[in-house]
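Counting convention: from 1, in listed order, for ligands and their atoms alike.
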Amino acid sequence: MNYDRILIRYGEISTKGRNRNKFIDKLRKSVRIALTNFPNIKIEASRDRMYVVLNGENSQAVIEKLKPIFGIQSFSPAIKVAKEIETLKIKSLELVKSQYSEGNTFKVTAKRSDKTFELTTDEINHLIGGHLLQNIPGLKVNVKNPDINLRIEVRKEAIYLSSETIPGAGGLPAGSGGKAMLMLSGGIDSPVAGYLSMRRGLDIEAVHFFSPPFTSERAKEKVMDLSKRLAEIAGGSITLHIVPFTKVQQVIREQVPENYTMTSTRRMMLRITDEIRRKQEGLAIITGENLGQVASQTLESMYAINEVTNTPILRPLISMDKNDIIKMADMINTLEISNRPYEDCCTIFVPASPKTKPKREKVIQYESYFNFEPLIQEAVEKVETITIKPGREQRREFEELF
Ligand code: ATP
Ligand code: MG
């Protein structure tokens, strides 16, 4: 079927009152970036929907590009038809025929925003339904659960026909929600946390703690590859801050009783991330924490660790099951990278029996015998900041645009 436009439904953003225009502009920008390789397309946005006018571009290829864009609830390839009944009949038949396979059921759903049109919605349903039944042997009506739902929308400028509704990525448009720092390890969880945050419209910068020579260059490459995937998802580049963490970890090991080193390590990571956040003017910190998975992620642990800052900590995975997190990691293509075997800075000094219920007062007391502040400042000053660009294909599209 030769579609000539794709109708995009906003879903949630259309409920955003006065902010609506801002949201629509952000979405339009995301769509434009994703479709840079299609020079002929035109984007038309109105208050309640957006059209990508194809002007001869391949509809299937465009659909693939629209699927990952945040802020799209669903979309439908559509045909624009002149407001003329004979043409409507011909085009409706053509469209349903192209979707029909043996034994399929159908219904017609007409909608009319132009009340001056010569037929009412009921009349359209009957007329077109009858025409289809006459011309497609074996086709049957099913109003409750049809295989094919032919939508006929009569608007002021034309009639639009569509029959497929393809789910979009959901969420809110990129960049519509402010900036947050993602604590990115090489594990499975934190990239997924980054994905979910971006899906809610947040801009993210990644922070990774690196402890050479205990963690290898390979571990760093892994985090760079994860960041690259996140950049592709974001449709632009991502800033990655790599924090030299060896000294801090060594001092913790010397100063803090072994069963509290993990709690203290997490507290120092959080303090440093918060410092970077302040410099970068972010408003929150995101982690891949998930309640109860490991010793550092019990509620008692979070209570002891979180004490070092009152910056909002977003934990998108907090209540998810591990299986679902893994499925999502697979879907966004980070799982394979995360599964590479290289060690993380937190796993190298892991004590034999970390406290699962650390006490806030105790960790504060242990840390009070040493002034960590200069070490934290030093780590922040020595941060290596890298701009990670999307993979080759996406990068080319991006550069062509700017
Ligand atoms: P992940 O799969 O994200 O590593 P996890 O289940 O292994 O999570 P932890 O290793 O306890 O859990 O880490 C909890 C969170 O702390 C991570 O999701 C991440 O946000 C942060 N984190 C852990 N290690 C690092 C690191 N080296 N650099 C930056 N953030 C880290
Ligand atoms: Mg981990």
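Ligand 1 has no N or O atom lying under 3.5 Å from any N or O atom of Pro191, backbone or side chain.
Note that Arg360 lies in the cation-pi zone of Tyr303, set by a 6.0 Å cut-off to the ring centre and a 45° limit from the axis.
No hydrogens or angles considered: a donor-acceptor pair under 3.5 Å links the side chains of Ser190 and Ser185.
Nearest approach of Ile6 to Val62, heavy atoms of both residues: CD1-CG1, 3.7 Å.
Which of Met262, Arg266, Lys322 comes nearest to atom 10 (O) of ligand 1 through a heavy atom is settled by distance: it is Arg266. Closest heavy-atom approach to atom 8 (O) of ligand 1 within the set Leu270, Asp189, Ile313: this belongs to Asp189. The nearest non-hydrogen atom to atom 21 (C) of ligand 1, considering only Met183, Met181, Arg315, comes from Met183. Counting only non-hydrogen atoms, the option in Gly288, Ala219, Ser338 that gets closest to atom 18 (O) of ligand 1 is Gly288.
Between His208 and Phe210, the ring planes are tilted. Angles from 30° to 60° get that label.
Side chain of Arg112 to backbone of Leu119: a donor-acceptor contact under 3.5 angstrom is found.
The Thr287 neighbourhood of ligand 1 comprises atoms 20 (O), with distances under 4.0 Å to a heavy atom of that residue. Residue contact check: Val207 has heavy atoms under 4.0 Å from atoms 29 (C) of ligand 1. Within ligand 1, the atoms closer than 4.0 Å to a non-hydrogen atom of Gly187 are 1 (P), 2 (O), 4 (O), numbered from 1 in the order shown. Within the listing of ligand 1, atoms 2 (O) sit less than 4.0 angstrom from a heavy atom of Ile188.
Proximity of Leu182 to ligand 1, defined as any heavy-atom pair under 4.0 Å, is not found for any part of the residue. Contacts with ligand 1 closer than 4.0 Å are made by no heavy atom of Asn290, backbone or side chain.
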### Full working for salt bridge (Lys or Arg N to Asp or Glu O under 4.0 Å) between Glu205 and Lys179
CA-CA 8 Å; Glu205 287 189 15; Lys179 181 158 75 180; 2.9 Å; yes
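With Phe70 as the partner, the side-chain contact (heavy atoms from CB on, under 4.5 Å) test is satisfied by one option alone out of Leu202, Ile233, Leu172, Leu27: Ile233.
Listed by first and then second residue, the salt bridge (Lys or Arg N to Asp or Glu O under 4.0 Å) pairs involving residues 297-317 are Arg267-Glu307, Glu289-Arg315 (not counting sequence neighbours).
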